[in-house]
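Treat the numbers as computed from the prediction; the structure is a model and nothing was measured. Residue numbers begin at 1 in each chain, while the letters A, B, ... track the order of the sequences. Side chains included, hydrogens not; waters and symmetry mates left out as well; all remaining heavy atoms used.
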Amino acid sequence: MGKVIKKSTKKTSTQLSVRLGTLELANPVITASGTFGYGLEFKAYMNIDNLGAIITKGLSLKPRKGNPGPRIVETPSGMINAIGLANIGVEAFINEKLPLLKKTKTKIIANIFGETVREYSELAKRLSDVEGVSALEINISCPNVKKGGMSFGTDPKEAARVVRAVRKATRLHVMTKLSPNVSDIKQMVRSVESAGTDSVSLINTIPAMAINAETKRPVLGNVMGGLSGPAIKPVALRMVYEAASVATVPLVGIGGITTAVDAIEFILAGASAVQIGTASFITPSASESVVSGLKEYVKKNGDIKKLIGALKV
Amino acid sequence: MGKVIKKSTKKTSTQLSVRLGTLELANPVITASGTFGYGLEFKAYMNIDNLGAIITKGLSLKPRKGNPGPRIVETPSGMINAIGLANIGVEAFINEKLPLLKKTKTKIIANIFGETVREYSELAKRLSDVEGVSALEINISCPNVKKGGMSFGTDPKEAARVVRAVRKATRLHVMTKLSPNVSDIKQMVRSVESAGTDSVSLINTIPAMAINAETKRPVLGNVMGGLSGPAIKPVALRMVYEAASVATVPLVGIGGITTAVDAIEFILAGASAVQIGTASFITPSASESVVSGLKEYVKKNGDIKKLIGALKV
Amino acid sequence: MNSTVIYNKSIATDVHFLLRLKWSEKKIPTPGQFVMVSVSDASTSLDPLLRRPFSVFDAGKGWIELLYRVVGRGTSLMSTLKKGDKVDVLGPLGKKFPTPKEKNKLIMVAGGIGIAPFYLLSKTLKNSKKDAVLFFGARTKVDARLSAPIKKLGIKVKVSTEDGSLGRAGYVTDAVLDFIEKDSVIYACGPMGMLKATAKLAKDAGVLCYVSLESSMACGIGVCLGCALKASEDVKKTKDKEYVLVCSEGPVFNSKDIEWEKL
Amino acid sequence: MNSTVIYNKSIATDVHFLLRLKWSEKKIPTPGQFVMVSVSDASTSLDPLLRRPFSVFDAGKGWIELLYRVVGRGTSLMSTLKKGDKVDVLGPLGKKFPTPKEKNKLIMVAGGIGIAPFYLLSKTLKNSKKDAVLFFGARTKVDARLSAPIKKLGIKVKVSTEDGSLGRAGYVTDAVLDFIEKDSVIYACGPMGMLKATAKLAKDAGVLCYVSLESSMACGIGVCLGCALKASEDVKKTKDKEYVLVCSEGPVFNSKDIEWEKL
Ligand SMILES: Cc1cc2nc3c(=O)[nH]c(=O)nc-3n(C[C@H](O)[C@H](O)[C@H](O)COP(=O)(O)OP(=O)(O)OC[C@H]3O[C@@H](n4cnc5c(N)ncnc54)[C@H](O)[C@@H]3O)c2cc1C
Ligand SMILES: Cc1cc2nc3c(=O)[nH]c(=O)nc-3n(C[C@H](O)[C@H](O)[C@H](O)COP(=O)(O)OP(=O)(O)OC[C@H]3O[C@@H](n4cnc5c(N)ncnc54)[C@H](O)[C@@H]3O)c2cc1C
Ligand SMILES: Cc1cc2nc3c(=O)[nH]c(=O)nc-3n(C[C@H](O)[C@H](O)[C@H](O)COP(=O)(O)O)c2cc1C
Ligand SMILES: Cc1cc2nc3c(=O)[nH]c(=O)nc-3n(C[C@H](O)[C@H](O)[C@H](O)COP(=O)(O)O)c2cc1C
Ligand code: FES
Ligand code: FES
């Protein structure tokens, strides 16, 4: 009996595994940058070994303090954040977090951002030198920094420059994370593809704002921030579907995913994997629940890979 | 006593009035195109005389049947519609609806859209010939038509072409309604301003999609549609605030407004008036409630015009 | 209209509820009409956002009753309503079932929760009541209990269950076939598949058939144009209409007016 | 953790509630810690989306108690909770009040609902209890009733009301001033203005002061970095930190660690 059960688990587990080009994941569930700390914080709430991959908080060359508060505000079925990419910096990450983090069998993806193309390529080099990082996710789309950031994310040529530089600097899998703040996401996909990205993740938060009518002031210290959570899911799904119509590399869907059903919707739209963001704030083990839900799904319906882009239009 | 009360009402009413360039409105509350029918339908639920203005369902030269169903789907704190600009056509509007509609003292604004620049200018001409229409709102941003529509809305040059043609064809107030589906809303504002628009309204719905994981099909007959409702309010507020930083013509804020407080937020961000859309579906008299709420506000705080763009940053 | 819950109790099964609300609108709902219910209070939650449509199951002096099945978020929330709670209701909306003629033999065909509008209709039947019959298709014999209130009114009820646990086994439409006479008129409400089959049946038999349809709705009052269904070729030609609006032109339609192939 | 409501009753006024929940977590909350409460069930509503933070008012074997004031959407929803309802709670979170030393004279300063964490703290005080005093600033004498439970524990309570309807009129901090001695230690919780004034007072008097702070929170567990407040110059220099996280490094801070000018 023991054997039989083992076998069926094995089957489920291969049926849950997905491949993003060179990057093989035990399952398609990845925790999104900035919503899962450096991974270790969640050990108290779930088994992080069960994830497909963990993406770190966005890393810069130097540590960053972030924006003045308030940094978050709730909105209908969503939230706006203006953290300002606060992070401990790549060296502290490598020295303090990575040694502990790489003990998990889950793949570690480092999310990186710079203010110049050069900073991106230095980050890529530095992270390629160390053991334990499986891929880099290039954040060209964070709306919360004054320099760089957004302009890379909305101009296909600038985006390609960043990707090309990172591509040259590393042998790791390169995932490029796109901003939703563009008229034509297809053009962005084509551009970062031709610059050599191995996969494309989308979407980052949507630039947004909240105002306190009583004080007549913006709610956020930074005035603007990025909208995330279930409110943006319909926009994210549309963008993944549009991206899938032109993409030749694998896509990773992000935006308001809280359940396994949400994940399946993104996979049907064309994503090979998904990222769980805001949902982890509400339920720290949300990502693990999505994995369990997908496990149930493949037990009944077979290989998850058959679902990728299987939307009947 | 009676006199005193009358006086104070009068004061309130001038304190609620706003001016969009040449267009004077008794109050800043306008019902959004496509969410208020041709206005008459709401007589059973509220006094339409209390509104600042009514914007008609989008009108085209010829009647349009619209998209196959399902045409709407609910999303977290929002909804997606893919009506497909179904409308009775400009002639039927002029002959059947306008005669009844112009009995209200509320200003009537005709929302127009075409598939070519020429169609826009013909619509503008036709509607300028008749009595009862105070302004035209140019919809260059509807995501639901295959031809025209979206491409006008996301390309500043194309948008300007449409506005210029309408400007030439009419002496009515021209309001241009912008799509949120652009990287740089400021550029769009500048472009339609230089083409001669008298005011700018924003935002239209955000392109979006819903998928039924069980049937593996898109929920909407048209696959994609436009997201509206409270979910998009933070994005709309941000865009109005950005637009206000460059606009020289008055702005009209739209997106998820359901209460007077929401309206005040848009006004603080820089809007001279607001439009109520999806909220009218949930409560047919929602727009009237916003007017009442603003009335209370100005009774306590004085002229609403002082609030326009008064955000302290 | 803000309405107070008189009671909200499960009926027949644990997913079916009967909700009685105070009703102070001047308009009294007629059989076939529906109401739109706000399941969340906008001051505390904006999700679910849209109202949910429900047929009027029964109506009396100062109250209305809805019969609903818990299928998703909105109906789950509704099922937690308690006596004294407030709920916002818009209506009555839509067109009623045409009053059957005296000479007509009324055949009601209901599938599952589609039975809801037939109670009020049955109540309003007068002399013709003795000739009226309800064919009720249910999943199981437990669900079939939903027809008890109509039976009590003195209407003949013929049950079919999908699992054969009560009455005839199989689709309700199969049962109807043998029963149609020349002066029969069919009123149907239920799942699309059932309505489609019923419409075909009526067409083949050459009898009049009215169907109460469902569609996703935002406004319920004919302004969002969201609830449109394809009209039949016939309607298209005679009225130059490609779509009909379920909320304002229906929910009750002559089955000939609908393009069944497109559903 | 899914928790069952034991009771949820209004206390002192009709906007203050005491919510008792079953508690099966191994970790027992200590004074000053907080929990994050999910006010809506995600299977029926995604709005409000985020959990709400609340200090632990009291805790016993198998239960915890929260004292809350209805201020907005989330707390309105909470106020409708009834015995037997389920609510999802995350915690205990954050750092506790440091245990006061025997020799210290404990001065608790609470403004409004800021009284919440002091009940559990007062309960844990042993010998020092006779020397502890709570200064409670309330809007009116009705609000002032919130201090009754602490009084019952044998703690001296000195009330100030803004409207002068009970105790001293004016700000609570004015009352504290005369009371500070050399070995006093101040624990404060309440509105920002009050905390700022208290911190200044403590600084001027050269006594130790701990404050329990609030900030907008998304996660409550130190990962979103949303709840950051500016750290004092001192912290900046010694620890190279510009911000402190209220949820994981607080909510209780030494008042010297906070940059009060930026609040
Ligand atoms: C005119 C009319 C009368 C109706 N009368 C009744 C009635 O008397 N009793 C009753 O129980 N139900 C009735 N319904 C169906 C009822 O409106 C839906 O069951 C309800 O809206 C579902 O809400 P939910 O939030 O629980 O489900 P959701 O979570 O919104 O959805 C659950 C499932 O129901 C489907 N659904 C959602 N809304 C609708 C809709 N408007 N029409 C069809 N399917 C939908 C979804 O696609 C999904 O599969 C009627 C519908 C219409 C249009
Ligand atoms: C560590 C901590 C402990 C707390 N302990 C208690 C307690 O024991 N009892 C109690 O009644 N309250 C406590 N609060 C405050 C409580 O969290 C808020 O009152 C609650 O989140 C408001 O939710 P709402 O949905 O009702 O209000 P909303 O509708 O979200 O907002 C209403 C008002 O409250 C403000 N507000 C919202 N969230 C917060 C927040 N997290 N911090 C500060 N202000 C906020 C808003 O700006 C707005 O002005 C505590 C807060 C923190 C951070
Ligand atoms: C508080 C917060 C911090 C974030 N920080 C980052 C970041 O550092 N780098 C990045 O690429 N994305 C960041 N994101 C964006 C998320 O990774 C994700 O793209 C976005 O939140 C949408 O997904 P969701 O709706 O599931 O949250 C952040 C999001 C939130 C809410
Ligand atoms: C069902 C529906 C139909 C609409 N039709 C039109 C239209 O014909 N023309 C137009 O310019 N905008 C149309 N809109 C967009 C609205 O006018 C408005 O810009 C948008 O819904 C955002 O506002 P809201 O969030 O308040 O609904 C439509 C929106 C909805 C929901
Ligand atoms: S539901 Fe809006 S038109 Fe029918
Ligand atoms: S609330 Fe998320 S870090 Fe404190």
Side-chain angles (χ1 to χ4, degrees), chain A residues 31 34-45 57-58 63-89 92 144 210 219-221 225 228-231 233 256 258-259 261-262 277-286 289, chain D residues 1-2 25-27 36-53 71-74 88-93 192 213-231 235-236 239-248 258-259 261-263:
Chain A
T31 54
T35 64
F36 209 67
Y38 300 98
L40 303 163
E41 295 91 334
F42 282 79
K43 280 188 159 176
Y45 301 97
K57 175 74 194 156
R64 283 176 59 103
K65 313 289 185 190
N67 290 330
R71 290 179 170 185
I72 52 167
V73 56
E74 193 185 52
T75 67
S77 297
M79 63 174 278
I80 315 179
N81 87 82
I83 307 300
L85 293 168
N87 78 97
I88 57 175
N144 295 330
V219 175
L220 296 173
S228 66
K233 198 189 83 172
T258 62
T259 65
V261 173
D262 293 335
T278 301
S280 295
F281 297 155
I282 297 140
T283 311
S285 59
S289 304
Chain D
M1 184 191 61
N2 217 305
E25 287 280 351
K26 261 171 278 161
K27 283 189 212 157
M36 296 281 285
V37 179
S38 249
V39 291
S40 56
D41 170 1
S43 71
T44 53
S45 177
L46 292 161
D47 182 62
L49 184 67
L50 301 174
R51 288 171 186 266
R52 303 309 200 236
V71 297
R73 309 190 306 152
D88 200 82
V89 183
L90 189 68
L93 305 168
M192 272 306 175
L213 290 174
E214 291 194 6
S215 176
S216 318
M217 293 185 175
C219 71
I221 59 171
V223 298
C224 74
L225 311 183
C227 62
L229 291 182
K230 277 255 165 161
V235 169
K236 220 165 142 180
K239 297 192 190 155
D240 190 31
K241 271 172 89 119
E242 195 149 330
Y243 292 97
V244 289
L245 294 180
V246 174
C247 71
S248 53
I258 303 299
E259 177 55 63
E261 293 314 308
K262 296 286 159 59
L263 288 177

Colleague: Between atom OG1 of A:T283 and atom CE of D:M36, what is the distance when rounded to the nearest 0.5 Å?
Modeller: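 That separation rounds to 11.0 Å.
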Colleague: Which pair of non-hydrogen atoms, one from A:M79 and one from D:A218, has the smallest distance, and what is that distance?
Modeller: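 Shortest heavy-atom separation between A:M79 and D:A218 comes out as CE-CB, 3.9 Å.
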Colleague: Please state whether the side chain, the backbone, both or neither of D:L90 comes within less than 4.5 Å of a heavy atom of chain A.
Modeller: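 The side chain, not the backbone.
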Colleague: Just so I understand: if I count every heavy-atom pair under 4.5 Å between each of D:C227, D:S216, D:G226 and chain A, which residue has the most?
Modeller: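 Highest number of pairs under 4.5 Å: D:G226.
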Colleague: Looking at D:S38 and A:I282, what are the two nearest heavy atoms and their distance?
Modeller: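 Distance-wise, the nearest heavy atoms are OG-CG2, 4.5 Å.
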Colleague: Is chain D contacted by the side chain of A:S280, its backbone, both, or neither, given a heavy-atom distance below 4.5 Å?
Modeller: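 Answer is neither: A:S280 stays 4.5 Å or more from chain D.
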Colleague: Which heavy atom of A:R71 sits nearest a heavy atom of D:L225, and at what distance?
Modeller: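 Reported closest heavy-atom pair: NH1-O, 2.8 Å.
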Colleague: Can you tell me how far the CG atom of A:N81 sits from the SG atom of D:C224, to the nearest 0.5 Å?
Modeller: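 So the gap between those two atoms works out to 8.0 Å.
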Colleague: At a heavy-atom separation under 4.5 Å, does D:D240 approach chain A through its side chain, its backbone, both, or neither?
Modeller: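 Both parts, backbone and side chain.
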Colleague: Can you see which heavy atom on D:L46 is nearest to which on A:P230, and at what distance?
Modeller: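 Closest heavy-atom pair between D:L46 and A:P230: CD1-CB, 3.8 Å.
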Colleague: Between D:M217, D:R73, D:K241, D:K230, which has the largest tally of heavy atom pairs under 4.5 Å with chain A?
Modeller: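 Highest number of pairs under 4.5 Å: D:M217.
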Colleague: side-chain contact (heavy atoms from CB on, under 4.5 Å) for D:L49 and A:E74? Distances and angles first, verdict last.
Modeller: CA-CA 7 Å; D:L49 184 67; A:E74 193 185 52; 4.0 Å; yes
Colleague: Using heavy-atom distances under 4.5 Å, tell me whether A:F42 contacts chain D through its side chain, its backbone, both, or neither.
Modeller: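 The answer is the side chain of A:F42.
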Colleague: Do you know which two heavy atoms are closest between A:F281 and D:C219, and how far apart they sit?
Modeller: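 Taking every non-hydrogen atom into account, CD2-CB, 3.7 Å.
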Colleague: Does any heavy atom of chain D fall under 4.5 Å from the side chain of A:P284, the backbone, both, or neither of them?
Modeller: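 Only the side chain of A:P284 comes within 4.5 Å of chain D.
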